[in-house]
Enquirer: 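Can you read through this structure? Questions will come right after.
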Amino acid sequence: MKILVVGSGGREHTLCWKMVQSPMVTKIYCTPGNAGISSVAETIPIDPSSISELSDFGAEKRIDLTVVGPELPLILGLFDEFQKRGLKVFGASAEAARLEGSKVFAKEFMARKRIPTADFRVFDSPDAAVSFLKSKECRYPTVVKADGLAAGKGVIICQNRSEAEDAVRKMMVEKIFGASGERIIIEDCLQGREVSFLLLSDGEEFIPLASSQDYKRALDNDEGPNTGGMGSYSPSAHLSPGEHRKILDEIVEPTITGMMEDGRRFKGILYCGLMLTDKGPRVLEYNVRFGDPEAQVILPRMESDLVPLLLACAGGSLKGMDIKWSDGASVCVVMASGGYPGSFEKGKLVKGLNLIKEDDRLQVFHAGTSFNRDGDIVTSGGRVLGINALGETIEVARNRAYDCVGKICFEGMHFRKDIALDAL
Ligand code: AMP
Ligand code: GLY
């Protein structure tokens with residue numbers, strides 16, 4: 001069968017790498033892909049938000065299954081457009097993707113279905129928001145969130161009233177996130193440890209994926225600005241079996257059932273960003289896609305063929321299916337461009353890739369690379385590579401990953417040195 005993967009990051013490289021191993025797959029296209037992806041898929045320069053161009057491509061090539069990496073194409077209705085043309089998609093419909101596309105929608109949904117999350121208020125005027133910030137009901141620190149997508153920058157944790165008023169002004173008056181800040185949420189700041197919990201669903205049945213931890217801050221010891229993710233490991237060292245059960249019963253099951261009850265059947269992958277608080281797990285956010293770099297540590301631990309699972313979510317049933325996981329651990333260290341997550345230069349020559357011997361325990365997943373005119377691999381994004389290793393233990397996987405990181409260099413590169421250290 002022919003597969004189309006939409007996206008260009010480390011997550012999409014990992015998806016292509018995993019699916020090309022399936023005996024069911026004869027060809028993979030990736031739009032637009034990157035230099036690393038071109039070793040496992042044919043890359044085609046179509047922008048992931050050009051839904052009509054993508055669906056023309058899907059129809060012309062008679063694609064059997066389209067797998068969508070990022071959220072934006074789903075929120076823009078890729079699933080719905082492809083479905084009209086009889087093309088199968090692994091991913092959420094536009095109606096279901098609102099779980100990620102609108103934080104107000106997600107919070108109101110959770111409140112209605114009694115899914116544990118931080119207490120919150122919704123505001124559509126800056127005056128009302130500011131008078132709440134002045135009231136006794138508002139506890140500090142507090143969290144101000146833009147309703148819509150904001151390139152990962154729409155959440156501001158505010159230590160005091162002046163920071164919170166500033167956040168409200170930026171979102172609602174200066175409109176730094178455009179229409180995404182027309183409505184905002186002000187919610188309680190939760191304390192605890194964050195975990196990423198991902199699951200596959202056909203809309204009715206669901207199968208959880210292996211647990212994982214992600215490192216969002218740019219610098220060691222969780223300092224510096226927020227990023228897309230500077231590294232990850234799986235399984236999580238912080239999730240007890242009791243918490244795992246609670247997450248399934250109190251969060252996952254009511255979410256999938258609740259979406260079905262509301263006529264927004266959730267098919268595809270649901271990524272719950274959770275805070276493990278002393279009162280139990282709470283939802284921070286929903287995403288309707290694989291995490292990046294969570295996919296990089298989860299998929300190499302999956303011993304089952306991914307393709308039948310994705311097909312079942314797209315148009316069949318997960319009933320009776322399960323997933324086999326390797327017993328060991330997996331660690332991913334992200335190598336980023338100098339300046340990331342702020343502005344950075346592109347086009348830096350990536351040296352040392354030829355020294356790396358990839359095998360079934362070591363993978364270099366490309367996130368932001370391209371070829372220059374001489375055919376050399378150069379940087380083209382903020383996150384450049386994800387070095388991923390498997391091992392019998394976290395420690396073995398971690399050492400293997402960092403050994404490999406030590407062989408690669410490009411001008412200005414930076415990476416965290418403490419990925420998975422808390423799990424040892
Ligand atoms: P989100 O885009 O909602 O995932 O938020 C981005 C990050 O902000 C999360 O990964 C958390 O680290 C943090 N965050 C979001 N909501 C809260 C909250 N209610 N309390 C504490 N931290 C939060
Ligand atoms: N690693 C966080 C995310 O994919 O949103």
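Owing to the predicted nature of the structure, the values given are computational and were not obtained by experimental measurement. Order of listing sets the numbers, starting from 1, for every ligand and every atom in it.
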Enquirer: Is K417 positioned over the aromatic face of F415, cation under 6.0 angstrom from the ring centre and no more than 45 degrees off axis?
Expert: yes
Enquirer: Would you mind checking which non-hydrogen protein atom is closest to atom 5 (O) of ligand 2, with the distance to 0.1 Å?
Expert: R289 NH2, 2.8 Å
Enquirer: Is ligand 1 less than 4.0 angstrom away from at least one heavy atom of C189?
Expert: yes
Enquirer: Do E395 and N399 have side-chain N/O donor and acceptor atoms under 3.5 Å apart?
Expert: no
Enquirer: Take every heavy atom of D188, measure it against each atom of ligand 1, and state whether any distance is under 4.0 Å.
Expert: yes
Enquirer: How close does the nearest protein non-hydrogen atom get to atom 13 (C) of ligand 1, and which residue and atom is it?
Expert: I157 CD1, 4.0 Å
Enquirer: Check whether any N or O atom of D214, backbone or side chain, sits under 3.5 Å from an N or O atom of ligand 2, and answer yes or no.
Expert: yes
Enquirer: Parallel, tilted or perpendicular, judged at 30° and 60°: which one describes the rings of Y286 and F109?
Expert: perpendicular
Enquirer: Taking only heavy atoms of K216 into account, list the atoms of ligand 1 that are under 4.0 Å away from them.
Expert: 10 (O)
Enquirer: Quick one: does any side-chain atom of N160 pair with a main-chain N or O of S162 as donor and acceptor, under 3.5 Å?
Expert: yes
Enquirer: Would you name the heavy atoms of P32 and P45 that are closest together and state the gap between them?
Expert: CB-CA, 4.3 Å
Enquirer: Mark up the atoms of ligand 1 that fall under 4.0 Å of a heavy atom belonging to E187, in ascending order.
Expert: 16 (N), 17 (C), 18 (C), 19 (N)
Enquirer: Testing the 3.5 Å rule here: is there a donor-acceptor pair between the side chains of S326 and E303?
Expert: no
Enquirer: Quick check on Q191 - does any of its heavy atoms sit under 4.0 Å from an atom of ligand 1?
Expert: no
Enquirer: With a 4.0 Å cut-off on heavy atoms, is P293 in contact with ligand 2?
Expert: yes
Enquirer: Classify the ring geometry of F132 against F123: parallel below 30°, tilted from 30° to 60°, perpendicular beyond 60°.
Expert: tilted
Enquirer: Would D147 and S102 count as having a side-chain donor-acceptor pair, cut-off 3.5 Å?
Expert: yes
Enquirer: When you measure from atom 7 (C) of ligand 1 to every protein heavy atom, which one gives the shortest distance, and what is it?
Expert: V155 CG1, 4.5 Å
Enquirer: Please determine if R289 forms a cation-pi arrangement with Y271, meaning its NZ or CZ atom is less than 6.0 Å from the six-membered ring centre and no more than 45° off the ring axis.
Expert: yes
Enquirer: Could you list which atoms of ligand 1 come closer than 4.0 Å to a heavy atom of K103?
Expert: 1 (P), 2 (O), 3 (O)
Enquirer: Please test S125 against D127 for side chain to side chain donor-acceptor pair (under 3.5 Å), starting from the C-alpha separation and ending with a verdict.
Expert: CA-CA 5 Å; S125 91; D127 294 345; 5.4 Å; no
Enquirer: Return the closest protein heavy atom for atom 23 (C) of ligand 1 as residue, atom name and distance.
Expert: L284 CD2, 3.8 Å
Enquirer: Quick one: sort the Y233 and Y215 rings into parallel, tilted or perpendicular, breaks at 30° and 60°.
Expert: tilted
Enquirer: G228 to ligand 2: N or O pair under 3.5 Å?
Expert: yes
Enquirer: Is it the side chain (CB and beyond), the backbone, both or neither of Y271 that lies under 4.0 Å from ligand 2, heavy atoms counted?
Expert: side chain
Enquirer: Taking atom types as modelled, is there a side-chain donor on S212 or E294 under 3.5 Å from an acceptor on the other?
Expert: no
Enquirer: How far is atom 16 (N) of ligand 1 from its nearest protein heavy atom, and which residue and atom name does that atom have?
Expert: K145 NZ, 3.0 Å
Enquirer: For E294, take its heavy atoms, then give the atoms of ligand 2 lying under 4.0 Å from any of them.
Expert: 1 (N), 2 (C), 4 (O)
Enquirer: Which residue supplies the protein heavy atom nearest to atom 20 (N) of ligand 1, what is that atom called, and how far is it?
Expert: L190 N, 2.8 Å
Enquirer: Counting non-hydrogen protein atoms only, what is the nearest one to atom 4 (O) of ligand 1? Give residue, atom name and distance.
Expert: E285 CD, 2.5 Å
Enquirer: For a quick check under 3.5 Å, do R282 and T277 share a side-chain donor-acceptor pair by atom type?
Expert: no
Enquirer: Hey, which atoms in ligand 1 end up nearer than 4.0 Å to a heavy atom of V143?
Expert: 18 (C), 19 (N), 20 (N)
Enquirer: Considering the heavy atoms of G291, write down every atom of ligand 2 situated less than 4.0 Å from one of them.
Expert: 4 (O)
Enquirer: Starting from atom 11 (C) of ligand 1, what is the nearest protein heavy atom, named by residue and atom, and what distance separates them?
Expert: E194 OE2, 3.2 Å
Enquirer: Is the closest heavy atom of R282 to ligand 1 under 4.0 Å?
Expert: no
